[in-house]
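What you see below is based on every heavy atom in this structure, not just the backbone, and it leaves out hydrogens, waters and symmetry mates. We count residues from 1, following the sequence as given.
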Amino acid sequence: YPDNPYCKTGTASVVQSGQTGGSYSSTSGLSIDNSSGAVNLALSIPGTYTVIYSFTDGLCTNTAEATVTINDLVSLQKPESTICAADGLDYVLNITVSGQAPYTAVGTGAPGSWSGNLWTSDAIKAGTNYSVNIQDAFACNVLTVANTAPSCCLFEVVCPTFPAVILNCYDELPNTSSLTIAQFEAL
């Protein structure tokens, strides 16, 4: 297995010399073709395995061993989340991944900061859609997380106060366009 270690994608082929016609085996978790020794990396569980090639020349039986290591792909551990700033002018993006540290993030809000497998972006201007590419130490793949910006509008209501007014006639109504709830209900 000349390209060892492998990423969890595609097929790993064995380079064999010597006696042919044997069979390949390994422990549970490695998807291996017993006759060719080819490993289906996508169907295998990430980890390190010993592959045993058992063969005979008709007189003697023997074995040969090789090691295959399969590294997992970086992936989202849970959906990304956004948090708007209190002033509504920007937001931060949080992405939790699985894979092997150290991680790198490139794109909107990068470089940001890592705490274990959680990435928190730098401030992103409200209304800016995000697209971030993440790789782990194995660099088997690039995880792209992209979406539209969250709605970070700031809605503040200020209610005016008016002095209490007792009305006897319609023409005595205040000529203002807004009233408090109590004033409106008193009409």
Side-chain angles (χ1 to χ4, degrees), residues 1-13 26-32 38-50 67-163 176-185:
Y1 299 95
D3 296 325
N4 198 44
Y6 295 92
C7 295
K8 188 177 164 48
T9 182
T11 303
S13 298
S26 188
T27 55
S28 176
L30 188 68
S31 179
I32 188 167
V39 174
N40 184 329
L41 299 164
L43 294 179
S44 297
I45 297 171
T48 299
Y49 300 90
T50 299
T67 299
V68 174
T69 299
I70 303 171
N71 297 322
D72 207 354
L73 304 177
V74 66
S75 61
L76 274 179
Q77 198 170 50
K78 62 182 181 178
E80 75 270 19
S81 64
T82 56
I83 301 171
C84 293
D87 61 8
L89 298 177
D90 52 37
Y91 68 97
V92 294
L93 172 63
N94 291 312
I95 301 174
T96 305
V97 297
S98 63
Q100 179 63 48
Y103 302 95
T104 58
V106 177
T108 315
S113 61
W114 287 95
S115 176
N117 63 339
L118 169 66
W119 180 71
T120 301
S121 72
D122 291 339
I124 302 169
K125 184 175 172 27
T128 303
N129 296 337
Y130 59 87
S131 180
V132 180
N133 294 324
I134 297 175
Q135 272 193 318
D136 69 354
F138 298 137
C140 286
N141 65 315
V142 175
L143 172 67
T144 300
V145 179
N147 211 331
T148 56
S151 176
C152 289
C153 67
L154 184 63
F155 186 71
E156 186 175 330
V157 177
V158 177
C159 296
T161 58
F162 297 99
T176 181
S177 61
S178 60
L179 300 172
T180 66
I181 293 174
Q183 290 171 327
F184 180 78
E185 289 175 348

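Defined by atom type and a distance below 3.5 Å, a donor-acceptor pair is present between the side-chain atoms of N94 and T120. Judged by distance alone, the side chains of T96 and N117 never bring a donor and an acceptor atom under 3.5 Å apart.
At distances below 3.5 Å, not a single donor-acceptor pair connects side-chain atoms of T108 with backbone N or O atoms of V132. Although no hydrogens or angles enter the test, the distance criterion places a donor-acceptor pair under 3.5 Å between the side chain of N4 and the main chain of T67. Judged purely by atom type and a 3.5 angstrom limit, Y49 uses its side chain to pair as donor or acceptor with the backbone of G29. In this structure a side-chain-to-backbone donor-acceptor pair under 3.5 Å is missing from W119 to T104. Formation of a donor-acceptor pair under 3.5 Å by the K8 side chain with backbone atoms of S44 is found in this model.
When side chains are defined from C-beta on, T27 does not count as touching T50, because their heavy atoms never get closer than 4.5 Å. A 4.5 Å side-chain heavy-atom check between Y1 and T69 finds every atom pair outside the cut-off. Considering only heavy atoms from C-beta on, V74 stays 4.5 Å or farther from F138 through its side chain. In this structure, the side chains of T9 and N141 stay at 4.5 Å or more apart for every pair of heavy atoms. Counting heavy atoms from C-beta outward, T82 and Y130 have side chains that approach closer than 4.5 Å. Residues I70 and L30 meet the side-chain proximity criterion, which asks for heavy atoms closer than 4.5 Å. You'll find the side chain of T144 reaches within 4.5 Å of the side chain of S131, heavy atoms only. Contact of the I124 side chain with the D90 side chain is not registered, since no non-hydrogen atoms from C-beta on lie closer than 4.5 Å.
Residue I45 holds its CD1 atom at 10.0 Å from OG of S31, rounded to the nearest 0.5 Å. The CG atom of L73 sits 6.5 Å away from atom SG of C7, with the distance rounded to the nearest 0.5 Å. The CG atom of L76 lies 5.0 Å from the CG atom of L143; values are rounded to the nearest 0.5 Å. Atom CD1 of residue I134 and atom OG of residue S75 lie 10.5 Å apart, to the nearest 0.5 angstrom.
Residues D136 and G99 share a closest heavy-atom pair of OD2-CA, 3.4 Å.
Within the structure, every pair that satisfies the disulfide (SG to SG under 2.5 Å) test and touches residues 80-122, not counting sequence neighbours, is listed here: C84-C152.
Between W114 and Y103, the ring planes lie parallel to each other; the angle is under 30°, not in the 30° to 60° tilted range.
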